[in-house]
There are 2 protein chains.
Amino acid sequence: MSSLTELAEKVGVSPATVSIVLNNRPLAKRVSAKTREKILVLAQEMNYRPNHMALAMQRQTTQTIAFICGRLNSPFYAELADDLAIAAEKHGYRLMVQMTCWDTGKELEALEMIASRIVDGIVLFSGAFPEQADKIRGLYSSKWPLVVLEQRDEQDISSVNFDIESGMRDLFGYLLSRGFKSVAMADDRRFLPKQNAYRKACEKWSITPEFFDFQYWNSESIEQCARQIALERPEALVIASDYAAAHIISVLGKCGVRIPHDISIASIDGTRWSELYNPPLSAVCQNTQKMAEAAIDEIIRRKANPETLPRNIVIPTELRILNSIASKQNNIQ
Amino acid sequence: MSSLTELAEKVGVSPATVSIVLNNRPLAKRVSAKTREKILVLAQEMNYRPNHMALAMQRQTTQTIAFICGRLNSPFYAELADDLAIAAEKHGYRLMVQMTCWDTGKELEALEMIASRIVDGIVLFSGAFPEQADKIRGLYSSKWPLVVLEQRDEQDISSVNFDIESGMRDLFGYLLSRGFKSVAMADDRRFLPKQNAYRKACEKWSITPEFFDFQYWNSESIEQCARQIALERPEALVIASDYAAAHIISVLGKCGVRIPHDISIASIDGTRWSELYNPPLSAVCQNTQKMAEAAIDEIIRRKANPETLPRNIVIPTELRILNSIASKQNNIQ
DNA sequence: GTGAAAGCGCTAACAC
DNA sequence: GTGTTAGCGCTTTCAC
């Protein structure tokens with residue numbers, strides 16, 4: 001409404017003077033006390049607020065970081081967004097959320113936000129990164145502050161990943177030490193990192209992999225998967241995400257399968273709300289706060305110094321044991 | 001990187017011409033075909049993207065709406081943010097998330113985003129609205145596109161509310177018709193609307209209110225509340241939010257209290273993930289999608305026409321019955 | 001057919 | 001002590 005220039009006119013000085021006073025620049029000392037007073041008072045009265053659009057233009061920065069992801073409606077992404085917002089704020093940035101509904105076209109479109117200077121940097125959780133990695137690489141001189149999450153093997157783009165293999169080993173180690181003889185897995189076949197970690201662990205301990213397939217964002221398939229699990233009753237089961245775990249366990253419950261009495265279950269994610277599940281979920285915890293902080297730090301580092309090499313950051317996972325895993329009687333070492 | 005002016009220089013025409021061509025304005029027809037071609041080609045080659053900061057300044061709009069809330073880390077707020085982002089996008093707007101950690105100072109600060117033209121409008125979910133309503137009213141000529149959620153009785157500010165009283169009546173009606181004789185409630189004493197709805201319903205059916213108190217964002221208090229519930233074992237219990245319900249039920253589970261066998265439970269919210277809880281939660285559903293759409297519509301309406309009166313929109317609730325309520329044998333009408 | 005100029009709100013460099 | 005100027009990138013009006 002009221003601009004700095006208007007204010008200057010009312011006070012009867014130049015815009016420059018007003019700017020210097022309001023921002024308390026060194027030069028402000030050379031402005032006479034009464035002029036300063038007048039400016040301050042009138043700014044208050046007119047309810048003056050600096051215009052962010054003009055500031056952004058002048059400073060060539062929006063102080064905003066975008067988080068691009070599929071949807072926010074599952075706890076993992078919600079907590080990640082939450083942590084990103086907190087981390088961004090610590091550095092004086094705001095968070096913009098851009099959802100793609102896992103549509104690759106929308107993903108590419110959303111990435112334009114940085115080229116068109118809507119945001120200063122982007123944290124990307126891609127649904128289909130491998131397929132479009134080259135496009136993104138082409139689009140991005142790799143000078144832009146872009147960080148991809150959960151995409152290994154992208155040396156030339158900054159990334160933050162969880163050390164899922166080590167997490168899976170921890171889980172297997174725990175289960176086997178407690179007397180479990182086998183571990184099954186439920187995951188979406190299309191996404192490899194967690195599956196691969198599972199298979200590696202199976203190999204290490206000479207366990208025959210047992211795999212239950214479902215598709216994310218497809219209730220029907222998850223329910224069917226749960227019914228299959230109810231039939232086969234693996235003694236221990238690791239489920240690829242908290243959200244899928246919740247869905248599967250709730251279906252198992254309707255089928256009369258009790259957790260952990262009938263099946264011991266661990267999930268991957270370990271969101272804060274999964275501690276509140278019934279029963280509280282054991283999990284290979286992916287600490288979203290650490291991921292968020294690392295991602296924001298990296299964005300800011302690359303914004304400040306675009307010439308440095310991209311970093312590939314790995315966040316350790318932590319094993320969290322709660323009630324969803326049975327304590328076996330015959331504790332065989 | 002590459003500006004329209006640069007582009008113009010390279011092509012050898014004026015910025016105005018380039019602008020007209022790239023935006024395909026009516027005047028573009030009067031630009032010679034080869035000039036047009038040259039501009040288009042070079043724009044492509046130089047990877048030209050319109051600079052959003054300059055556009056925002058020129059058009060006096062950021063095409064961004066802010067969602068101010070405490071945190072995103074509970075499902076209700078996450079789903080609301082998700083729905084708001086979708087609704088905003090339908091109208092060509094982006095969503096910025098500003099979290100306040102329920103701090104009233106931060107809330108007021110966040111509201112400045114609209115005066116400083118960081119965003120075009122604000123959807124506010126306040127933790128302490130009544131106390132600061134006057135400040136907000138003062139701050140806002142009530143001309144800004146501001147919508148508050150879940151704050152009844154604010155005639156002079158646009159608001160969107162759920163019809164919780166009607167929802168509570170539906171729930172009582174259902175429970176009593178199924179043979180339940182009483183309904184208890186667990187809520188945070190400091191927040192009144194849901195409690196009031198509960199008490200009104202109790203009055204209507206001449207039921208003695210039985211109230212279990214807890215404090216949001218205080219695990220200790222929620223666990224203590226759950227233990228109290230485990231002791232007193234009300235036959236039916238309504239819990240003020242999905243998040244609290246999850247927490248309480250998970251503690252009850254550890255105490256050996258089975259749902260719905262020992263206690264029948266309904267929550268308020270009915271988020272999509274509460275359907276995936278174990279057991280799936282019966283709920284008075286607050287449809288966040290409808291709330292989000294109404295809020296965004298109202299923001300846009302007021303932005304387009306600031307002189308019109310603020311609206312107070314009421315969204316109906318829906319009763320959802322799932323497994324967390326026992327089916328009684330003696331079905332007394 | 002195309003260009004020049006002004007303006008959106010602010011700041012920084014330099015002038016007096 | 002304070003003002004002037006130029007410029008951030010774009011659009012629009014009017015002139016030629």
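The chains referred to below are lettered A, B, ... by the order of the sequence lines, with proteins before strands, and numbering in each begins at 1.
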C:dG9 P sits how many Å from A:Gln60 CD, rounded? 18 Å

Which whole-number value in Å describes the distance from A:Leu4 CG to C:dG7 C1'? 16 Å

Closest to side chain of A:Val13, choosing from D:dG3, D:dC10, C:dT11: D:dG3

For the residue pair B:Ser126 / B:Glu107, report whether a side-chain donor-acceptor contact shorter than 3.5 Å exists. yes

Take the protein atom CD of A:Glu37 and the nucleotide atom C1' of D:dT2, then report the distance between them rounded to whole Å. 18 Å

For C:dG3, does OP1 or OP2 lie under 4.0 Å from any side-chain N or O of B:Thr17? yes

Let me know the distance between NE2 of A:His52 and P of D:dC8, rounded to the nearest Å. 19 Å

Once the angle between the rings of B:Phe191 and B:Trp217 is folded into 0 to 90°, is it parallel (under 30°), tilted (30 to 60°) or perpendicular (over 60°)? perpendicular

Which nucleotide wins on minimum distance to the side chain of A:Ala16, given the candidates D:dT13, D:dG9, C:dA13? C:dA13

Mark yes or no for whether B:Glu150, through its side chain, and B:Phe125, through its backbone, hold a donor-acceptor pair below 3.5 Å. no

Verify the distance criterion only: is there a donor paired with an acceptor across the side chains of B:Asp269 and B:Thr271 at less than 3.5 Å? no

When you check the phosphate oxygens OP1 and OP2 of C:dG1, does a side-chain N or O of B:Thr35 lie under 4.0 Å from one of them? no

Closest of D:dC10, C:dT11, C:dG3 to the B:Tyr48 side chain is D:dC10

Spacing of B:Ile299 atom CD1 and B:Lys303 atom NZ [to the nearest 0.5 Å]: 10.5 Å

When only distance counts, do a donor and an acceptor, one from the side chain of A:Gln58 and one from the base of C:dG9, lie under 3.5 Å apart? no

Winner on side-chain proximity to A:Asn51, out of C:dG9, D:dT11, C:dA4, is C:dG9

Reckon A:Arg25 has a side-chain N or O less than 4.0 Å from the OP1 or OP2 of C:dT11? no

Figure out the CZ/C1' separation between B:Arg30 and D:dA15, and round it to whole Å. 14 Å

Taking every non-hydrogen atom, the tightest pair across A:Met53 and B:Gln60: CE-C, 3.7 Å

Nucleotide nearest B:Ser14 when distance is taken to its side chain, options C:dA13, C:dC10, C:dG3: C:dG3

Identify which nucleotide among D:dT2, C:dT2, D:dT12 has an atom closest to any side-chain atom of B:Ser19, counting heavy atoms from C-beta outward. D:dT12

Separation of A:Arg59 atom CZ from C:dG9 atom C1', in whole Å? 12 Å

For B:Ser32 and C:dT2, is the shortest distance between a side-chain N/O and OP1 or OP2 below 4.0 Å? yes

Can you tell me which nucleotide in C:dC10, D:dT13, D:dC10 comes closest to the side chain of B:Ala54? D:dC10

Separation of B:Ile20 atom CD1 from D:dC10 atom P, in whole Å? 14 Å

Between CG of A:Leu27 and C1' of C:dA13 the distance, given in whole Å, is 10 Å

Given C:dG9, C:dA13, C:dT2, identify the nucleotide with an atom nearest to the side chain of A:Met57. C:dG9

Which of the following nucleotides, C:dT2, D:dT11, D:dT2, is nearest to the side chain of B:Leu55? D:dT11

